[in-house]
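For reference, the structure is listed below as structure tokens.
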Amino acid sequence: MFAAFSALSVHRRRGAARVAAASLVSGLVAASVWAGAGPAAADEAALGQGGATATIGGLKTYGAAIVHADSGDQEISAGLFEMSVDGGGMLQTYCVDIHNPTQRDAKYHETPWSGTSLGANKDAGRIRWILQNSYPQVNDLAALAGKAGVKGGLTEQDAAAGTQVAIWRYSDGVDVEAVDPQAEQLADYLQKNARGVAEPQASLTLDPPAVSGHSGERLGPVTVHTNAGSATVTPPADAATSGVRIVDKDGGAVTSVANGSQVFFQVPEKAADGQAELTVQASTTVPVGRAFAAESRSQTQILAGSSESTVSATATATWARTGAIPALSAVENCAKGGVDITAANEGTEPFDFELLGVKYSVPAGKSQTVTIPLQEDQAYDFTIEGPGGFEKRFTGVLDCKTQVSEADEAGDATQTLSEPSPATVGTDSDDTNLAATGGSAMTPLIAGIAIGLVVIGGAALVVVRNKQLPTQD
């Protein structure tokens, strides 16, 4: 059976100059082109690699800044956002994506720098230095003012605004300054003294996130990476009936793990072909400098502070007696401008699948990674199918760039002073305007997607399929 790319859609482009080009592909709204979907429901996966997931609440501590561009000056808000963590905890973040608006109540997931614009930014390490050496990590404002040479002292609003301005100069390369002189002096100090610091490790990940094998085998190992002292393991929901157990390398039952622990899925020999999922969960502080990407279109954030928060990660196992036995995982790869799909096949026959009209074949006992090229700001939704009703669905939005052309600079920006909380991007109805934040100088982008445009979207998909990708025999 060949799996097929199920849907590809683009809802927005940055700046009015790109609206016409974007409209060609905006019409395809989850239009399925699957080839013979199996009976099983698709296992949907947002491309988080584990860690914290959170909902953005808005700007909480902020001041004013001015962005200078050839198209004119724009006054915006600059400061700290707050996020509420799923399962408990609070995060404080700064924006590293000034030209994108913020979607109210957007869902975010912890992600490696490589899945954001930070991955290709040679100054990303300087941004982390700023975070470690400014507010709120340094909450003694008198001491911070002394280091920066700010004689008038700093308020929390000054400290947040100055820190955000310094970050924007490295994350987005914009000409921006804080309105308040004290905040501007702090920004200059931070920019001048910033040094490169390594990317922080994830709060919790499982590697690999998917394994496969034969019934009766011990599938894995799955290695735990976490900064928590310990984490709990939740076995598959149907473990009592399926007989699948989570064990260590010696076959002992596992209920808790630590950094470096390895776990396995022990599948009964007579188990029917199927899949199972385990969850690892912990309570910890998320490392400063971790990136947070939205599951919809919303500004990429970088962590400035964390309370004790709930973090989790999942791993899946697929097994069968004979035939192809795929294990599928995906990660956004901004260096290559797309999504890397990794297919491992521990079966006895090749695993054949199709993406963007290109057929691939992974031999038994082998693994292959395929990069699916996407346009910037492109929403994607695709499903890979396999034998026996196997399906794996991946969804997300590729948001890898912060730089825009001069023609676009007036089209998007972050918060304005008149709208300090995140601007609403869409409502309960999907056919509403998607407007960039900003005052009268900003150009709203219309992102209403009508089902009647599916024909146009289908034509766009054909164009995308014509990209030359080598067929794997």
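Reckoned from all heavy atoms, side chains included, excluding hydrogens, waters and symmetry mates.
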Evaluation steps, side-chain hydrogen bond (donor to acceptor under 3.5 Å, both in side chains), between Tyr189 and Glu184: CA-CA 9 Å; Tyr189 160 77; Glu184 174 63 14; over 6 Å; no
Full working for side-chain hydrogen bond (donor to acceptor under 3.5 Å, both in side chains) between Thr232 and Gln281: CA-CA 5 Å; Thr232 59; Gln281 183 172 293; 5.4 Å; no
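- Here the OG1-CG distance, from Thr300 to Asp97, works out to 4.0 Å after rounding to the nearest 0.5 Å.
- No salt bridge links Glu277 with Lys392; every basic N to acidic carboxylate O contact stays at or beyond 4.0 Å.
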From CA spacing to verdict: side chain to side chain contact (heavy atoms under 4.5 Å, CB included), Phe292, Thr111: CA-CA 6 Å; Phe292 277 79; Thr111 190; 6.0 Å; no
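- Each of Leu91, Asn227, Leu204 was scored for a side-chain contact (heavy atoms from CB on, under 4.5 Å) with Val286, with one residue passing: Leu91.
- Residues Leu398 and Gln375 form no side-chain contact, since every pair of their non-hydrogen atoms from C-beta on lies 4.5 Å or further apart.
- Minimum heavy-atom separation, Gln92 to Pro136: OE1-CG, 3.3 Å.
- With 3.5 Å as the limit, one finds no donor-acceptor pair spanning the side chains of Thr285 and Glu308.
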Residues Leu219, Phe264; criterion side chain to side chain contact (heavy atoms under 4.5 Å, CB included); working and verdict: CA-CA 5 Å; Leu219 310 185; Phe264 300 77; over 6 Å; no
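- Thr369 and Thr342 share a side-chain donor-acceptor pair at under 3.5 Å.
- Heavy atoms from other residues, nucleotides or ligands lying under 6.0 Å from NZ of Lys147 number 12 at most.
- Taking the side chain as every heavy atom from C-beta outward, Leu131 and Ile302 approach each other to under 4.5 Å.
- Looking at every heavy atom in both residues, Pro221 comes nearest to Val211 through O-CG1, 4.5 Å.
- Checking Thr223 against Gln262 by side-chain atom types alone, a donor-acceptor pair falls below 3.5 Å.
- Rounding to the nearest 0.5 Å places CZ of Arg297 at 9.0 Å from CG of Asp399.
- A salt bridge between Asp172 and Lys401 is absent, with no side-chain N of the basic residue lying under 4.0 Å from a carboxylate O of the acidic one.
- Within the model, atoms CE of Met83 and CD1 of Ile56 stand 4.0 Å from one another, a figure rounded to the nearest 0.5 Å.
- Atom CG in Asn259 sits 9.0 Å away from atom CD in Gln201 (nearest 0.5 Å).
- Using bins of under 30°, 30° to 60° and over 60° for the plane-to-plane angle, the ring pair Tyr360/Phe353 lands in the parallel bin.
- Taking the side chain as every heavy atom from C-beta outward, Val96 and Gln301 never approach each other to under 4.5 Å.
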Residue pair Asn121, Trp113: steps toward the side chain to side chain contact (heavy atoms under 4.5 Å, CB included) verdict: CA-CA 9 Å; Asn121 186 341; Trp113 287 359; over 6 Å; no
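- When every heavy atom of Val280 is checked against every heavy atom of Ala231, the shortest pair comes out as CG1-CB, 3.6 Å.
- No donor-acceptor contact under 3.5 angstrom links the side chains of Gln299 and Tyr108, judged on distance only.
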Stepwise side chain to side chain contact (heavy atoms under 4.5 Å, CB included) test for Ser84 and Met90: CA-CA 5 Å; Ser84 56; Met90 295 295 296; 3.9 Å; yes
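- Between Tyr94 atom OH and Phe81 atom CZ the span is 11.0 Å, to the nearest 0.5 Å.
- Closest approach of Val174 and His99 over heavy atoms only: CG1-NE2, 3.7 Å.
- At least one side-chain heavy atom of Leu186 sits less than 4.5 Å from a side-chain heavy atom of Leu154.
- No donor-acceptor contact under 3.5 angstrom links the side chains of Thr61 and Glu156, judged on distance only.
- When every heavy atom of Leu59 is checked against every heavy atom of Ser77, the shortest pair comes out as CD1-CB, 3.7 Å.
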Test log, rule salt bridge (Lys or Arg N to Asp or Glu O under 4.0 Å), inputs Asp86 and Lys107: CA-CA 10 Å; Asp86 295 354; Lys107 281 282 189 180; 2.9 Å; yes
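- One distance of note links CD of Glu82 with OG1 of Thr93; it measures 9.0 Å at 0.5 Å rounding.
- Under 3.5 Å, the side chains of Thr234 and Thr279 contain no donor-acceptor pair of N or O atoms.
- Nearest approach of Ser212 to Pro326, heavy atoms of both residues: CB-O, 3.8 Å.
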